[in-house]
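Encoded as structure tokens, the structure appears first; notes follow it.
Each ligand, and each atom within it, is numbered from 1 in the order the structure gives.
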Amino acid sequence: MPYPFQITSYDQYKETYKHSVEQPDEFWGGVAENFTWRKKWDKVLEWDFRKPDIKWFINGKLNITENCLDRHLAQAGDRPALIWEPNSKEEAHRVITYKELHTSVCTFAQVLKNNGVKKGDRVCLYMGMVPELPIAMLACARIGAIHSVIFGGFSAQSISDRLQDAQAEFIITGDGAYRGGKDIPLKSTIDDALVSCPFVKKVIVYLRTHTPISMIKGRDVWWDDEIKKVTAHGNISTEAEEMDAEDPLFILYTSGSTGKPKGVVHTSAGYMVYTTYTFVNIFQYQPGDVHFCTADIGWITGHTYIVYSVLCAGGTSLMYEGLPTWPDAGRMWDIVDKHKVNILYTAPTAIRSLMAYGLAPLEGKDLSSLKILGTVGEPINEEAWHWYDVHIGKKRCPIVDTWWQTETGATLISNLAGVTPAKPSYATLPLPGIQPVLVDEQGKEITGNDVSGNLCIRFPWPSIIRTTYGDHERCRTNYFATYDNMYFTGDGCYRDENGFYRITGRVDDVLNVSGHRIGTAEVENAINMHTGVLESAVVGYPHDLKGQGIYAYVIMEADPEDAKLTQSDILQTVTRVIGPIARPDKIQFVKGLPKTRSGKIMRRILRKIAEGEINNLGDTSTLLDPGIVNEIKEGRI
Ligand code: WTA
């Protein structure tokens, strides 16, 4: 068997789980033996959730890219590492072998050094879904620089906030990116962001769309020119920086319940070990399998299950530049057919939107290569689960429902494909090493089965968040202070009579729109920046396609003369401040908001109204002005 730590039966899962909980050091030490280290660790784990201070594989030395690349060269150098399917069907796809990827990464690592990037520096990546994005990530990791990928849909303002928070002096971007019928203007957005970031020293630009852009002398350089300077010298150095197990690998910003996104920090060794462990077990990966994760690398799913875990396992990762429904609703199935995809990992939102096109787009598409299907990012409704099972998997492909978060680095709760039982809309059982706990509002553990509560984890796993960049206290208060001595996920959860877990959604002020996390406070801040807006309150509501939609209640200084126009102006402001993903689906102008006497907005009431549950608002007697509720009910959209 290629992976000694691959679990292949339900009984073995149960034994492994027991061992992992009873002897975590021995268990994870054993898994870590399967990786390449410059120097092994002295101790597996030290931790204190109250600070939090969590260290894995203490004093171990390694470079994650030697695990992703170098160690496969001898046996599997000619195996495809990345298969890239372009946005346009007319353009040729690219296959990049392990040898080629290794060379590209080493070459670009030298480019980074030539441009002054050093170990520990933060490098922001704002790129489309081209192979040069994983190449740039790995090149950063090769020299010990910390990458921070920003999703291509974020606005200049969002980029600027993140650059300032990370004090990133280097940027890698493209002239533009193709996404469906659109060309996304990456470089010009970066230029707008940099107006408020004078500390940025270098911008490396990858040519993709031939969009006219401005190149600033001394600051902006072309990717290809810089590569040529390195290759002109002939010998490319393959040296990799020796990293400590706990050196940061990357920062990834994510939304929380406050207005400002947090820079989640992951470190080298723990992230490597746990992500690879989960990949091989959940997807039952076999060398040669083509793994297609449809996420964007700008999110954690892409980091973990397109780039790092797949490459560490010597796997073949398919990345797609465009949209699943472009140029038509059959594109995903074309890709599966064309590249003989074995594992398809996507979001419930994508499944629901493809479902809406009916079965015609599937006609003539050979999906027989598929072995395993997966979902991630949001709860999957049973209807979508069954459609996926019947029409895509033809009832012969196990479906894994993987629950996890940016902060967890990789999946914590999921069935293992074909090995442990699946149950529609359930993430089912914890991975080895993961100890879920349900707690009530007071923090008391809820034991037994057939119970619901807030989901916490009581013991660390190797890829747990270490800190929030530049503000450790924020990490503590957000994740480790709500419940004593536990990591709090922010999710609600039900444990059924058999002990299977079903994630029911966020219990904090975080929305999950099409599998993307957005904080209500962030959206409110953006709306409040619009001229004439006095105050706003944003809540989520069930949305057929997106899972959750965004409903905004807005108080204006004066009644808008043209409500429709003002609504679209507000949408424009939100797009400018955050990006199109945060645009509210509905905007209702209101005269006031339901507040308690202490001035707190009663979101529970606003949520119910947005959901259409207007006859069951609960107790409104504590409101400062109960009359306002009727008015809001009447104006409901
Ligand atoms: C939600 C994405 C139900 C959850 C990997 C979590 C899920 C948030 C699932 C994290 C799932 C993720 N079932 N809900 N299988 N997977 N979620 O950080 O609310 O973008 O807290 O990470 O997505 O979103 P994030």
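- Residue contacts with ligand 1: P379 is included, with a non-hydrogen atom under 4.0 Å away.
- To the nearest 0.5 Å, the span separating CG on L370 from SG on C397 amounts to 5.5 Å.
- Listed by number with element, the atoms of ligand 1 under 4.0 Å from a non-hydrogen atom of D401 are 11 (C), 13 (N), 15 (N).
- Counting heavy atoms closer than 4.0 Å to ligand 1, residue T402 contributes backbone atoms (N, CA, C, O) but none from C-beta onward.
- Within the listing of ligand 1, atoms 5 (C) sit less than 4.0 angstrom from a heavy atom of T301.
- For Y305 and T411, the side-chain atoms include at least one donor-acceptor pair closer than 3.5 Å.
- Side-chain rings of F57 and W28 stay apart, their centers remaining 6.0 Å or farther from each other.
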Decide yes or no on salt bridge (Lys or Arg N to Asp or Glu O under 4.0 Å) for R331 and E85, but give the supporting numbers first.
CA-CA 11 Å; R331 186 66 191 275; E85 173 68 18; 2.7 Å; yes
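- The nearest heavy-atom contact from the protein to atom 10 (C) of ligand 1 is W404 O, 3.5 Å.
- For ligand 1, the atoms sitting less than 4.0 Å from at least one non-hydrogen atom of N512 are 1 (C), 23 (O), numbered in the order shown with element in parentheses.
- Looking at ligand 1, you won't find any N or O of T489 less than 3.5 Å from one of its N or O atoms.
- Taking 4.0 Å as the cut-off, G490 does not count as a neighbour of ligand 1 on heavy-atom distance.
- Aromatic ring centres of F154 and Y253: separated by at least 6.0 Å.
- Formation of a donor-acceptor pair under 3.5 Å by the H303 side chain with backbone atoms of W299 is found in this model.
- Given atom 18 (O) of ligand 1, the protein heavy atom at minimum distance is T406 OG1, 2.6 Å.
- Here the heavy atom of the protein found nearest to atom 24 (O) of ligand 1 is R517 CD, 3.1 Å.
- Between the side chain of R466 and the backbone N or O of I54 there is at least one donor-acceptor pair closer than 3.5 Å.
- Near I503, with a cut-off below 4.0 Å to any heavy atom, the atoms of ligand 1 are 3 (C), 14 (N).
- Among protein heavy atoms, the minimum distance from atom 4 (C) of ligand 1 is reached at D491 OD2, 3.2 Å.
- Nearest heavy-atom pair, H391 versus K394, reported as atom, atom and distance to 0.1 Å: O-NZ, 3.0 Å.
- Looking only at heavy atoms of the protein, atom 13 (N) of ligand 1 is closest to E378 O, 3.4 Å.
- Side chain of H543 to main chain of I550: no donor-acceptor pair is present (N/O by atom type, distance under 3.5 Å, no hydrogens or angles).
- In terms of protein heavy-atom proximity, atom 16 (N) of ligand 1 is nearest to G377 N, 3.1 Å.
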